Enquirer: 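For reference, the structure I am asking about is given below.
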There are 2 protein chains.
Amino acid sequence: MAMSVPRMDPLESRAWLALVTTSELLPAALDAHLRAEAGITHFEFMVLSGLKRAKANTMRMTDIAAMVDSTMPRLSKVIGKLVERGLVEREGGASDGRVINVRLTSDGRKVLVRALPGHLAQVRDLIIDRLDRDQLEALADILEPLVERLDPQRNMGQLAASRS
Amino acid sequence: MAMSVPRMDPLESRAWLALVTTSELLPAALDAHLRAEAGITHFEFMVLSGLKRAKANTMRMTDIAAMVDSTMPRLSKVIGKLVERGLVEREGGASDGRVINVRLTSDGRKVLVRALPGHLAQVRDLIIDRLDRDQLEALADILEPLVERLDPQRNMGQLAASRS
DNA sequence: TTCAACAAGTTGCCACTACAACTATTCCCG
DNA sequence: CGGGAATAGTTGTAGTGGCAACTTGTTGAA
């Protein structure tokens with residue numbers, strides 16, 4: 001069955017190699033930078049950013065997980081640590097007794113605000129400022145359908161609700 | 001000093017979001033697929049592929065690490081497990097007594113050959129076949145300079161010695 | 001020749017993620 | 001309105017990566 005899949009030609013190889021390599025290096029670079037500058041991971045940064053944008057700085061676990069494209073167990077543990085550090089709070093008061101609301105604390109906001117300029121600068125330095133407008137558009141046009149295909153179930157695009 | 005870095009405009013946001021998301025989802029997808037089909041991670045797959053291409057199916061640790069863009073500790077542990085599973089062998093016989101040569105075994109080759117068609121098919125399905133020639137070229141042209149920037153020290157591009 | 005600096009790999013320890021099992025709550029259907 | 005199915009979230013365990021410390025072997029300069 002696993003019949004012969006055509007080998008990659010040079011152009012295909014180039015594109016594929018570049019994409020895989022980027023996918024391995026970029027997350028590591030973001031983590032290292034944010035960790036050094038603000039003591040948080042990129043994942044935590046995205047969580048805190050999402051909370052900051054949210055109404056009342058509050059979201060339920062499930063929605064956060066969808067936004068950052070995470071599994072529940074992973075998110076649960078990360079939130080646990082953020083609570084320990086006082087960057088977010090858990091609030092049980094909801095009509096549905098199962099849901100837990102998570103709110104950004106003022107300390108959390110401080111950490112986020114402190115992390116933001118450096119992070120933005122890194123993103124510009126690594127990516128954005130190295131591409132012209134046409135390239136930015138091409139990149140978005142190319143990757144967006146791929147993301148849709150890659151995303152297990154829900155397309156996390158919702159977080160495109162980012163005007164921040 | 002951490003002066004105001006200009007916020008991202010919509011186009012910049014789109015491109016950035018698509019790139020980060022891809023970078024998070026793609027490695028997970030590759031790992032899941034390879035693990036299910038051949039019992040190896042994408043990282044192990046790349047190591048085995050590299051060895052298969054290498055002269056005498058042998059490489060030294062440092063060169064492997066450079067090829068797959070890994071730290072030595074990480075590679076050392078992974079090779080340890082591959083040795084346990086009989087997919088590679090360590091050979092100490094070198095002029096420089098410090099270097100360890102790693103060779104692909106026939107079992108390792110078998111696993112690799114078994115994994116390859118499915119992996120190729122996934123790569124085509126997820127990425128390559130979803131892009132036309134112009135897009136492939138644009139993607140490569142855009143990402144290659146970014147990789148160069150992202151890569152800590154040595155540009156792993158050497159593994160572009162892939163004709164295989 | 002000898003000893004300090006350096007290079008190649010490995011190991012230990014800690015943090016993080018995945019997957020599965022579990023608890024608690026709500027829903028829904030007879 | 002009673003109870004199984006489904007949903008929200010947490011916990012336990014094992015596997016994986018990072019960083020620093022360590023071991024072994026090489027180099028080079030006095």
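Nothing here was measured: the structure is a model prediction, and the numbers come from that model. Labels below follow one simple rule: chain letters A, B, ... track the order of the sequence lines, proteins then strands, and each chain is numbered from 1.
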Enquirer: Are A:His42 and A:His119 an aromatic pair by the rule of ring centers under 6.0 Å?
Expert: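 Ring centroids of A:His42 and A:His119 are less than 6.0 Å from each other.
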
Enquirer: Do NZ/NE/NH1/NH2 and the carboxylate oxygens of B:Lys81 and B:Glu44 come within less than 4.0 Å?
Expert: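 Salt bridge: no.
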
Enquirer: Which listed nucleotide (C:dA7, C:dA24, D:dC19) is nearest to the side chain of A:Arg98?
Expert: C:dA24

Enquirer: Taking atom C1' of D:dG15 as reference, at what distance in whole Å does atom CD1 of B:Ile40 sit?
Expert: 17 Å

Enquirer: State yes or no: do B:Val88 and B:Met72 share one hydrophobic cluster built from I, L, V, M, F, W and Y residues joined by side-chain heavy-atom distances below 4.5 Å, directly or via other members?
Expert: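 They do share one cluster, since a chain of ILVMFWY contacts under 4.5 Å joins B:Val88 to B:Met72.
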
Enquirer: Applying the side-chain contact (heavy atoms from CB on, under 4.5 Å) criterion to A:Thr22, which one of B:Thr22, B:Leu26, B:Leu143 satisfies it?
Expert: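 Single pass found, and it is B:Leu143.
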
Enquirer: Rounded to whole angstroms, how far apart are CG on B:Leu82 and P on D:dT16?
Expert: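 Atom CG in B:Leu82 sits about 10 Å away from atom P in D:dT16.
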
Enquirer: Establish, with yes or no, whether the OP1 or OP2 oxygen of C:dA18 is under 4.0 angstrom from a side-chain nitrogen or oxygen of A:Thr71.
Expert: yes

Enquirer: Without decimals, in angstroms, what is the distance between A:Asp63 CG and D:dG9 P?
Expert: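 Rounded to whole Å, this separation is 8 Å.
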
Enquirer: Should the pair B:Arg149-A:Asp125 be classified as a salt bridge under the 4.0 Å nitrogen-to-oxygen rule?
Expert: yes

Enquirer: Between D:dG15 atom P and B:Glu44 atom CD, what is the distance in whole Å?
Expert: 13 Å

Enquirer: B:Asp96 CG to C:dC6 P: how many Å, rounded?
Expert: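 Going from CG in B:Asp96 over to P in C:dC6 covers 17 Å.
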
Enquirer: With a 4.0 Å cutoff (strictly under), does any side-chain N or O of A:Arg74 reach OP1 or OP2 of C:dC16?
Expert: no

Enquirer: Please compare B:Pro73 and A:Met61 by the position of their nearest nucleotide in DNA chain D and report the one closer to 5'.
Expert: A:Met61

Enquirer: Would you please confirm or rule out a distance under 4.0 Å between OP1 or OP2 of C:dG9 and any side-chain N or O of B:Lys77?
Expert: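 B:Lys77 to C:dG9 OP1/OP2: no side-chain N or O under 4.0 Å.
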
Enquirer: What nucleotide, of C:dA8, D:dT16, C:dT25, holds the atom closest to the side chain of B:Arg60?
Expert: C:dA8

Enquirer: When the nearest nucleotide of DNA chain C is assigned to A:Phe43 and to A:Gly97 on a heavy-atom basis, which residue is associated with the more 5' position?
Expert: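 Final value for this comparison: A:Phe43.
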
Enquirer: At less than 4.0 Å, is any side-chain N or O atom of B:Arg90 found next to OP1 or OP2 of C:dT10? Yes or no.
Expert: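 So the side chain of B:Arg90 is within the cut-off, an N or O lying under 4.0 Å from OP1 or OP2 of C:dT10.
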
Enquirer: Rounding to an integer number of Å, can you tell me how far A:Ile79 CD1 sits from D:dT11 C1'?
Expert: 16 Å

Enquirer: Any side-chain N or O of A:Thr41 under 4.0 Å from OP1/OP2 of C:dC16?
Expert: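 It does not, given that no N or O in the side chain of A:Thr41 lies less than 4.0 Å from OP1 or OP2 of C:dC16.
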
Enquirer: Reckon B:Met72 touches a base, only the sugar-phosphate, or nothing at all at heavy-atom distances under 4.0 Å?
Expert: base

Enquirer: Expressed in angstrom and rounded to an integer, what is the separation of A:Asn101 atom CG from D:dT10 atom C1'?
Expert: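 The distance from CG of A:Asn101 to C1' of D:dT10 comes to 16 Å, rounded to the nearest Å.
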
Enquirer: Just how far, in rounded Å, is C1' of C:dT17 from CD of B:Glu24?
Expert: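 To the nearest whole Å, that distance equals 13 Å.
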
Enquirer: Between B:Lys81 and D:dG15, does any side-chain N or O lie under 4.0 Å from OP1 or OP2?
Expert: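 No, outside the criterion.
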
